[in-house]
Amino acid sequence: MSSTIPLAVEFTGGLELLFSNQRKHQISVPSSDSKGAPSNVGYLVKWLCENLIKDPRKEMFVLDHSVRPGILVLINDADWELEGEDKYELQANDEIVFVSTLHGG
Amino acid sequence: MSSTIPLAVEFTGGLELLFSNQRKHQISVPSSDSKGAPSNVGYLVKWLCENLIKDPRKEMFVLDHSVRPGILVLINDADWELEGEDKYELQANDEIVFVSTLHGG
Amino acid sequence: VRQQRWPLASEEYKRYGRQMIMPEIGLHGQLRLKNAKVLIVGVGGLGCPAAAYLAGAGVGTLGLMDGDTVEVSNLHRQVAHSTARVGRLKVDSAVEYLRALNDSVNYRAHPSHLSPEKAIPIFEQYDLVLDCTDHPTSRYLISDACVLTGKPLVSASALKTEGQLIVLNSPPRLPGDVNGGPCYRCVFPKPPPAESVLSCGEGGILGPVVGVMGVLQALEAIKLLTAKPVPTGPGWSMDFTATKPSPPAEPTRPTMLMFSAYSTPQFRSVRLRSRRADCAVCSAQASITRQSLTSGSLDYVAFCGVTTPLNTL
Amino acid sequence: VRQQRWPLASEEYKRYGRQMIMPEIGLHGQLRLKNAKVLIVGVGGLGCPAAAYLAGAGVGTLGLMDGDTVEVSNLHRQVAHSTARVGRLKVDSAVEYLRALNDSVNYRAHPSHLSPEKAIPIFEQYDLVLDCTDHPTSRYLISDACVLTGKPLVSASALKTEGQLIVLNSPPRLPGDVNGGPCYRCVFPKPPPAESVLSCGEGGILGPVVGVMGVLQALEAIKLLTAKPVPTGPGWSMDFTATKPSPPAEPTRPTMLMFSAYSTPQFRSVRLRSRRADCAVCSAQASITRQSLTSGSLDYVAFCGVTTPLNTL
Ligand SMILES: [Zn+2]
Ligand SMILES: [Zn+2]
């Protein structure tokens with residue numbers, strides 16, 4: 001399958017610095033992964049690491065094959081834990097936001 | 001035609017006091033007006049005056065057959081003047097917000 | 001003498017360092033703030049926090065205009081005043097607080113209410129205006145005067161549990177130039193019926209609601225004042241803080257920010273129209289001019305106060 | 001003696017009248033505020049505006065905890081302090097400002113940093129806690145202590161041009177009760193790698209950005225403290241202000257408010273998860289207890305400071 005899924009991806013809380021200092025990205029990812037399964041958010045994270053991240057410090061985004069602690073993943077304005085975490089299957093025009101938590105005050 | 005259009009209508013800035021002190025209303029309006037034309041926002045305003053408003057002071061909402069000065073009408077988060085004003089034809093699940101402008105400080 | 005090598009005094013680097021290290025501000029932005037003159041009209045629930053954060057940020061000249069005196073009933077939300085200063089002019093009370101926070105700002109007190117005759121000569125002394133007043137008459141007057149003097153306007157309002165904020169006449173352009181931002185009359189060509197207008201005294205107001213709107217006014221003012229121009233001049237090369245290119249500014253579309261303390265979501269940004277082709281003040285066919293304003297021939301009270309004949313549905 | 005007929009002094013009706021006439025507050029809400037004890041941990045960019053609006057609103061007892069002293073670099077955003085008070089304890093500086101604003105509040109200064117040993121005995125003296133600190137270690141500690149003492153927590157943070165706010169442990173419930181609101185560990189079970197944590201000193205901060213978040217903390221605190229219980233008692237019948245039924249409160253769902261000064265829209269409300277079944281502090285299988293906290297056996301610095309082995313993709 002060569003079809004793709006259009007997505008709106010956003011990085012905030014400082015994460016945008018890893019992605020060309022740009023917050024909003026309109027991307028298209030393959031609609032299925034290398035094993036033919038529908039692409040899910042776990043696949044998206046891997047895809048971002050291979051295709052979109054510009055900063056060499058990938059460990060600021062991904063640790064142990066998952067999004068690093070202190071990053072909240074939002075699927076259409078909801079914590080991804082409400083949507084099945086990395087197993088959530090991507091739908092066209094989903095809005096996926098990666099937020100690094102802030103600690104200053 | 002007896003079909004209806006489901007809409008999310010919201011009143012803020014004090015207008016909610018005219019509508020049972022409730023901000024958000026899920027309503028369904030006829031999909032065409034008495035002349036058979038597709039229902040537009042002008043028709044919705046009339047419909048609200050006949051069916052939803054609870055306060056007798058209708059002139060706080062409508063004056064001279066239109067929304068009174070000082071009320072902003074928003075169609076899906078845009079000033080209705082960007083969308084054709086009262087001529088905008090309602091679509092299913094449109095979000096129409098009536099905002100009374102505030103003046104305090 | 002050594003200081004001349006540096007565009008700011010060492011005390012200023014210390015005081016403003018936490019904002020200068022950000023690419024959005026930098027040395028260049030700090031110098032722009034220092035050279036800026038901002039007028040705050042109304043030193044109440046909006047004006048107090050707005051003034052505090054603009055003074056804190058190092059705006060060079062801060063004008064405060066208000067003819068009222070401090071009352072006890074103000075103090076739950078007008079946090080630049082104090083119990084001991086009840087009865088004093090709000091402008092004087094606020095300046096006392098602001099001087100203690102940052103004495104390097106040049107404060108100008110205008111201890112009177114705004115009138116059509118005074119508006120233009122006063123606004124001309126400033127670069128940007130904050131409308132922190134509480135009545136439609138002053139909102140139309142301030143907007144008109146901002147269009148006629150070419151000043152951007154950060155306008156906010158609050159009542160009970162809600163607030164609204166709009167940046168108007170931004171970018172500021174001559175009447176008739178469609179590339180200018182809309183003015184208050186573009187968005188609200190007709191005033192609301194007088195009987196629909198509630199003041200904070202009548203309707204009530206929650207302190208942090210108006211406080212949030214006032215702080216957000218200061219933020220929009222700082223954003224406008226520090227927006228990066230094309231880099232020119234020798235000052236630019238000294239901007240050692242700009243290690244990363246700052247993100248490109250999103251195109252300014254006129255928006256209104258709406259806040260409702262007890263709703264979900266609390267905030268909503270809505271798109272507004274651009275300039276109105278038949279606007280009474282900012283269009284090519286404007287009827288309101290500097291002359292009509294300064295001559296006093298415009299009666300804003302009558303404009304807003306006339307009870308429209310009620311032709312209800 | 002005449003005063004006894006009225007639950008508030010006439011001065012209080014004057015001072016708080018503008019918020020008491022709103023059905024969301026009313027006399028009942030004002031009495032609840034007067035009886036409330038609120039602790040603000042951290043008297044910096046968040047704590048200053050939060051304290052100002054809580055003092056203004058008439059919270060009966062306001063505790064301020066901070067071990068730091070005022071520095072010039074604080075003053076662009078920490079608007080309860082002043083140039084003359086540089087070098088003094090932040091808690092003392094803030095109390096001086098707050099007393100001038102509203103002397104009828106009972107201020108309690110805690111001039112030290114929070115430690116695991118002190119947290120529980122201090123939190124037990126209050127009804128609600130605001131986390132206005134600036135490091136993950138204190139954020140975990142404050143949340144843990146709020147769960148263990150049953151206090152709701154209004155937690156905010158800010159850096160550069162962005163801010164975040166979450167109301168945690170609301171409603172407060174015993175560990176293991178799934179109807180309680182999530183705690184900080186439910187949302188962030190593992191701390192971020194130490195090298196990803198930037199302070200405002202390192203990353204910079206725009207004053208109004210942290211200011212907005214602090215004012216919003218005060219607002220959420222006031223909403224929590226004045227939320228209407230079932231009407232009982234003689235005080236209720238005197239609530240002459242409640243002419244209209246107040247709108248039913250929307251069910252509290254855990255949400256995070258995100259703010260980004262240069263984005264459109266600036267604010268975004270996102271839905272968070274509920275309590276985590278395996279949370280280390282608020283679940284039935286909690287490992288963190290009052291005992292482990294007060295004994296000092298928990299090392300929050302080590303918890304947050306360990307650099308996780310990097311197994312990058
Ligand atoms: Zn105009
Ligand atoms: Zn928990």
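Chain identifiers are assigned alphabetically (A, B, ...) following the order of the sequence lines, protein sequences preceding nucleic acid strands; residue numbering begins at 1 within each chain. The structure presented is a predicted model; accordingly, all values stated were derived computationally and were not measured.
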Sort out for me which of D/L54, D/L216, D/T255 touches chain C most, counting heavy-atom pairs under 4.5 Å. D/L216
Any side-chain heavy-atom pair from D/F259 and C/L219 closer than 4.5 angstrom? yes
So, for C/P49 and D/Y53, which heavy atoms are closest and what is the spacing to 0.1 Å? CG-OH, 3.5 Å
Criterion side chain to side chain contact (heavy atoms under 4.5 Å, CB included) on C/E220 and D/Q266, from CA distance to verdict: CA-CA 11 Å; C/E220 292 306 319; D/Q266 288 182 314; 2.9 Å; yes
Rounded to the nearest 0.5 Å, what separation is found between the CE atom of D/M22 and the CG atom of C/L159? 9.0 Å
Heavy-atom distances under 4.5 Å only: say whether C/Q217 touches chain D with side chain, backbone, both or neither. neither
Residue selection (most heavy-atom pairs with chain D, distance under 4.5 Å) from C/A84, C/S82, C/P265: C/S82
How close do C/G211 and D/V215 get, counting heavy atoms only, and between which atoms? C-CG1, 4.0 Å
Measure the CD1-NZ distance between C/I21 and D/K160 for me, rounded to the nearest 0.5 Å. 8.0 Å
Is a side-chain donor or acceptor of D/K223 paired with a backbone partner of C/A261 at a separation under 3.5 angstrom? yes
Mind checking whether C/K14 and D/S73 have side chains closer than 4.5 Å, heavy atoms only? no
Side chains of C/Y262 and D/E24: closer than 4.5 Å at any heavy-atom pair? yes
Is chain C contacted by the side chain of D/A57, its backbone, both, or neither, given a heavy-atom distance below 4.5 Å? backbone
Rounded distance [0.5 Å steps], CZ in C/R18 versus CD1 in D/I205: 11.0 Å
Should D/V72 and C/E11 count as side-chain neighbours, where that means a heavy-atom distance under 4.5 Å? yes
Side chains of C/L75 and D/N102 in contact at under 4.5 Å (non-hydrogen atoms): no
How would you list, in number order, the residues of residues 89-99 of chain C that have a heavy atom less than 4.5 Å from chain D? C/Y97
Taking every non-hydrogen pair under 4.5 Å, which of C/A50, C/A55, C/G58, C/G203 racks up the most with chain D? C/G203
For the CD1 atom of D/I222 and the NE2 atom of C/H76, what is their distance to the nearest 0.5 Å? 9.5 Å
Return the minimal non-hydrogen interatomic distance between D/R15 and C/T83, and the atom names on each side. NH2-OG1, 2.9 Å
